[in-house]
Amino acid sequence: MSKTKIITRTMNTIKIEILGTGCKKCQRLEANAKQALANLNLTAEVLHITDPVEIAMRGVMSTPAMTINGKVVSKGQVISPEQIQPLLQH
């Protein structure tokens with residue numbers, strides 16, 4: 001009798017953080033991130049970090065900025081959904 005090995009693959013949870021004070025550029029970056037997720041049919045936890053001390057602790061001096069799973073992928077600019085999509089496909 002042969003044994004069957006069952007491999008369970010867990011889905012990696014994507015965590016996106018928008019770093020900024022909540023200005024229009026920060027809001028646009030958050031909307032672009034959500035649009036990129038929708039375009040790829042992905043789900044993610046999207047947080048908005050507004051505390052300047054927390055932002056500085058992450059090494060970000062110009063906002064808006066965005067992290068994906070803790071890695072800063074954008075600083076000081078609003079990147080488009082098309083620019084965000086490849087960053088989500090790791």
Heavy-atom closest pair (Asn69 atom, Thr13 atom, distance to 0.1 Å) is OD1-O, 3.4 Å
Check the pair His48 / Glu30 against side chain to side chain donor-acceptor pair (under 3.5 Å), numbers first and verdict last. CA-CA 8 Å; His48 199 124; Glu30 183 174 350; 2.9 Å; yes
When you group the ILVMFWY residues by side-chain heavy-atom contacts below 4.5 Å and let the links chain together, are Leu40 and Met66 in the same group? yes
What pair of heavy atoms forms the shortest contact from Asn39 to Gln85, and how long is it? ND2-OE1, 2.7 Å
Just how far is it from atom CD1 of Ile68 to atom CD1 of Ile84, taken to the nearest 0.5 Å? 7.0 Å
Does a side-chain heavy-atom distance below 4.5 Å link Glu45 with Ile14? no
If you compare all heavy atoms of Ala44 against all heavy atoms of Ile16, which two are closest, and at what distance to 0.1 Å? CB-CD1, 4.4 Å
Heavy atoms only: give me the nearest Gly22-Cys26 pair and the separation to one decimal. N-SG, 3.9 Å
Drop me the distance from Leu87's CG to Lys71's NZ, to the nearest 0.5 angstrom. 8.0 Å
If you round to the nearest 0.5 Å, how far is CD of Gln89 from CG of Leu42? 7.5 Å
Compare all side-chain heavy atoms of Ile18 with those of Gln27 and state whether any distance is below 4.5 angstrom. no
At their closest point, which heavy atom of Ala65 faces which heavy atom of Val60, and how far apart are they? CB-CG1, 3.6 Å
Validation row: Asn32, Arg28 side chains within 4.5 angstrom (heavy atoms): yes
Do Leu37 and Val46 come close enough that some side-chain heavy atom pair is under 4.5 Å? yes
Checking the side chain of Glu54 only, and the main-chain atoms of Ile49 only, is there a donor and an acceptor separated by less than 3.5 Å? no
Less than 4.5 Å apart, side chain to side chain, heavy atoms only: is that true for Thr21 and Thr50? no
Does one hydrophobic cluster hold both Val78 and Ile55, with members joined at side-chain heavy-atom distances below 4.5 Å? no
If two hydrophobic side chains count as joined below 4.5 Å and joins carry through other members, does Ile79 share a cluster with Leu47? no
Which ILVMFWY residues are connected to Val53, directly or by a chain of links, through side-chain heavy atoms under 4.5 Å apart? Met57
